[in-house]
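In what follows, a single structure is set out as structure tokens and then discussed.
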Protein chains: 4
Amino acid sequence: MAKKTSKTARKNKIIETALKIFAEKGFADATISEISKAAGVSDATVYEYFKTKEDLLFTIPEEITEEPAKDMEKILPFLRGAECKLRAIVQGYMTLYEMNPNYTALVMLQLKTNRNFLKTKSYEKVRSIAQMLLRCIQEGIDNGTFHKDIDPYLVRSMILGTIEHLCIRRHLLGAPTNLVEHVDPLVDMILGGIRVQAQPKSISVHLHIADDGQTKVEPGNTAEDT
Amino acid sequence: MAKKTSKTARKNKIIETALKIFAEKGFADATISEISKAAGVSDATVYEYFKTKEDLLFTIPEEITEEPAKDMEKILPFLRGAECKLRAIVQGYMTLYEMNPNYTALVMLQLKTNRNFLKTKSYEKVRSIAQMLLRCIQEGIDNGTFHKDIDPYLVRSMILGTIEHLCIRRHLLGAPTNLVEHVDPLVDMILGGIRVQAQPKSISVHLHIADDGQTKVEPGNTAEDT
Amino acid sequence: MAKKTSKTARKNKIIETALKIFAEKGFADATISEISKAAGVSDATVYEYFKTKEDLLFTIPEEITEEPAKDMEKILPFLRGAECKLRAIVQGYMTLYEMNPNYTALVMLQLKTNRNFLKTKSYEKVRSIAQMLLRCIQEGIDNGTFHKDIDPYLVRSMILGTIEHLCIRRHLLGAPTNLVEHVDPLVDMILGGIRVQAQPKSISVHLHIADDGQTKVEPGNTAEDT
Amino acid sequence: MAKKTSKTARKNKIIETALKIFAEKGFADATISEISKAAGVSDATVYEYFKTKEDLLFTIPEEITEEPAKDMEKILPFLRGAECKLRAIVQGYMTLYEMNPNYTALVMLQLKTNRNFLKTKSYEKVRSIAQMLLRCIQEGIDNGTFHKDIDPYLVRSMILGTIEHLCIRRHLLGAPTNLVEHVDPLVDMILGGIRVQAQPKSISVHLHIADDGQTKVEPGNTAEDT
DNA sequence: AATGAATGAGGGTTCATTCAT
DNA sequence: TATGAATGAACCCTCATTCAT
């Protein structure tokens, strides 16, 4: 009846509500009428903003992914070295997923499943982050940080696959409560698997030559800290 | 009409057909009537064998997973060392998924999504293989092959996540045609990341400067093998 | 629930009911649920027998037209002369429409309007009667009963148009209660307009009274020329 | 926004657009929003001018019929004889319908179908022309031009029914491209069927009994004059 | 006067599931 | 045991219409 809220506010309210309900019950089992009721609008109003139920589904990630993707693009240029960047991207993913459990469930269980999603503008945005990851791996290979003969696509699949697996476990089993704390262990393992000899590490030797003529050699700090 | 086929044969026919159709159209978009028609039975007959549509879905992996799981259990005892076993399990997964695209699509897109599946006998079988993987990682940790401080669950998530990511890519994008050829690159990278020797990659050099003025250099253990 | 009636009986019941309701409220304003309720079946049952609401509509005339069309085909060969046949066909139409007011309303108000109906098997049957009429007019022209230069299509349009106009008036205004009584007036007027000579009616007699007292009678040529 | 057009211009624009769309898609399948968009106004504006969708439909013929009806009323007094007038009216109809295909489709398929239309002011106008036709037939009967025993309503139904049949055929089948060329054939046939001279043909025998004792018989004048 | 925005009301259609035969 | 036949229960979506601005 009354126009209490701005148009975009209404639309966002619908999107938020849909996100919540789609995440909880799954796309197929959620109904528009349930969403509209929860959003405080009528069924018809939902269709004012979204062409179909699926359109509503596909619109959700568009806005959520927008900001993180842009942020990551701003951050990366400030980081030196493929390893740093890679770690940053992984952290970005983990943070995003940890802070948006509903969105995570939606992506993992409803969107990745959906063939039509691949044709979507939303998917383009999602993909853009995945492409940063790929470029970063490629960069590491090109500048000799990573092994020449690794398959960057495989590495990316390892990273994304792991993240997704953790997210799904978390959603369905409640398993790893905390996602971000897996960033370093994960990245370290990945790096351990693709890094060309922990090069610099091997060089750091600390020589302590004592007055007494004794020379004491201590191992360089090569330990990774997790 | 006439009983041309044995009861189990009928049931299997239904399961096979359901697998195909569920994989192609998704659980929600497939209809019982479509499946029954394709299986050459009536709708009602499907309900003779399966309590509900979901029951039919959940029954599918039970039989398919049965044999591979048993095979793996037989094979593992013959293999020495966590690395070997781990490689074998990965190969088992990849082979299973590569040879059964429909089953793979079903697992990746329909079953992993479904909360109810977790309560299923089928899921138990699927889990049993995942548990072998976990035990094998744990074994590596225990006997010093793998780093003490790695999280075996995370490692398993890496392995399974990567496999699943490859499978989904293959299904939706047609991307990696061949799955099995990724076994060694994947396992090697994983091992590179968790193997104990990997740590000391760093070329630790021990300098013993003796009183006698002699300096003795000993090579550290740096062996990496990719 | 219980199968009280045979399958065809059910289908016919639905058709009858639909005929009644479509005729009363119009296709657009009638609802399936209304029809199914009146027919004593469920909505879903209607869709067991008919693919869509429009399919149900189009199926109706098929059966109703079937018999009259066949009857007319049997009758015509027994009639001699285009005029007789034409009169018979008109009587057939009028009788059919007079005895089936609902069907008439359906045809006049719902079907004639509908473009899709033209692609229908039902329409073929309806057309077949109209074609008999056309052939009959053509026959009259060919054998000299009717004027050579009349347009048989126009004549048919006159006949059918008049019939339909009467039917619609009757349905909407209640005007001519009786349709069949218009058969002869209508046909006579039509014949009056197209007959080569107002043949039988005109009693043209030529009297030649000869000198010899003989009176010779010759039939006169009364040909009309338009 | 800006008031670019006068109020009546707006209204007319809506009416014209509605005519077009109703004619093309049918009343039921056309939507207000479609019409308003095509007319360059908002949905709500349509409702400023017309109370309901049906009201809009019913308003359409009012203006279109107005002029032709008045014209015909002016013309008729200049014509002598029922036949002339009848022919003029038929020509009026045919011309109107030939020149306004959308209007014709609307009348034939949407308005004649609609019970509510009968209660409309628009219908009154439409009827007024039909009444002229009736009066003209009656006049012919009264002054002996037409048979005493013909039913003027039936004759009118013949005329209007034929016209309408031709119009519908034209609209749905594209059949007679040209309507006006059917005026004379139609009217001639009608006149042939109802004109008084047709009857006496049969009776008129001219006997010339000559002085010379010869009796000469001449055929009566049965020729129709067109 | 004009409209953007919202919605009530409803309708066609689908399908998993049941049950008498 | 197998199934033809029936349906209850929903759901997505549309649109004429309203009203505050």
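Throughout, a chain's letter reflects where its sequence line sits, starting with A, and its residues are numbered from 1.
The phosphate of F/dT1 (OP1 or OP2) has no side-chain N or O of B/Arg10 nearer than 4.0 angstrom. Between C/Thr45 and F/dA6, a side-chain N or O to OP1/OP2 separation shorter than 4.0 Å is absent. Contact annotation: A/Lys53 does not reach the phosphate of F/dC13 (side-chain N/O to OP1 or OP2, under 4.0 Å).
For D/Glu16 (side chain) and D/Lys13 (main-chain N/O), no donor-acceptor pair under 3.5 Å exists by modelled atom type. Remark: the backbone N or O of C/Phe58 is not paired with any side-chain donor or acceptor of C/Thr120 at under 3.5 angstrom. A donor-acceptor pair under 3.5 Å links the side-chain atoms of A/Asn114 to the main chain of A/Asn116, judged by distance alone. The backbone N or O of D/Phe50 sits nowhere less than 3.5 Å from a side-chain atom of D/Lys11 that would complete a donor-acceptor pair.
Salt bridge status for D/Glu24 with D/Lys20: present, with a side-chain N to carboxylate O gap under 4.0 Å. Ion pairing between a basic and an acidic side chain is recognised when a charged N comes within 4.0 Å of a carboxylate O; A/Glu48 and A/Arg10 show no such pairing.
In this structure, of F/dT7, F/dG4, F/dC13, it is F/dG4 that holds the atom nearest to the side chain of B/Ala44. The side chain of B/Tyr47 lies closest to E/dA16, out of F/dT3, F/dT14, E/dA16. For C/Ile32, whose side chain is taken as the heavy atoms from C-beta onward, the closest listed nucleotide among E/dT3, F/dC12, E/dG12 is E/dG12. Nearest nucleotide to the C/Ser42 side chain, out of E/dT3, E/dT17, F/dT7: F/dT7.
E/dT13 atom P lies 15 Å from atom CD of C/Glu34, rounded to whole Å. Between B/Lys25 atom NZ and E/dA16 atom P the separation is 11 Å, expressed in whole Å. Distance, D/Asp55 CG to F/dA16 P: 14 Å, rounded to whole Å. The separation between B/Leu57 atom CG and E/dT17 atom P is 12 Å, rounded to whole Å. Residue C/Ile35 contributes atom CD1, which lies 17 Å from atom P of E/dG10 at whole-angstrom precision. In this structure, CZ of A/Phe50 is placed 18 Å from C1' of F/dT14, rounded to the nearest angstrom. Summarising the geometry, the separation between CG on C/Asp29 and C1' on E/dA9 is reported as 14 Å, rounded to the nearest angstrom. In this structure, B/Leu56 atom CG and E/dA16 atom P are separated by 11 Å, rounded to whole Å.
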Writing each nucleotide of DNA chain E 5' to 3' as (, ), [, ], | or . by Watson-Crick or G-U pairing under 3.5 Å yields .||||||||||||||||||||
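The CD1 atom of C/Ile64 sits 8.5 Å away from atom CD1 of C/Ile15, with the distance rounded to the nearest 0.5 Å.
Residue contacts shown for A/Thr31 are limited to sugar-phosphate atoms, with no base heavy atom under 4.0 Å away. Within 4.0 Å (heavy atoms only), B/Tyr49 reaches sugar-phosphate atoms of the nucleic acid but no base atom. Contact annotation for C/Ala30: backbone-only contact, meaning every heavy-atom pair under 4.0 Å involves sugar-phosphate atoms and none involves a base.
Using a 30° and 60° split on the angle between ring planes, A/Tyr123 and A/Phe117 fall in the perpendicular class, above 60°.
A residue-by-residue look at D/Asp43 and B/Ala28 shows that D/Asp43 has its nearest nucleotide of DNA chain E further toward the 5' end. Nearer the 5' end of DNA chain E, as judged by each residue's closest nucleotide, is the contact made by A/Glu48, out of B/Lys51 and A/Glu48. Residue order along DNA chain F, read from the 5' end via each residue's closest nucleotide, puts C/Gly40 first among C/Gly40 and A/Thr52.
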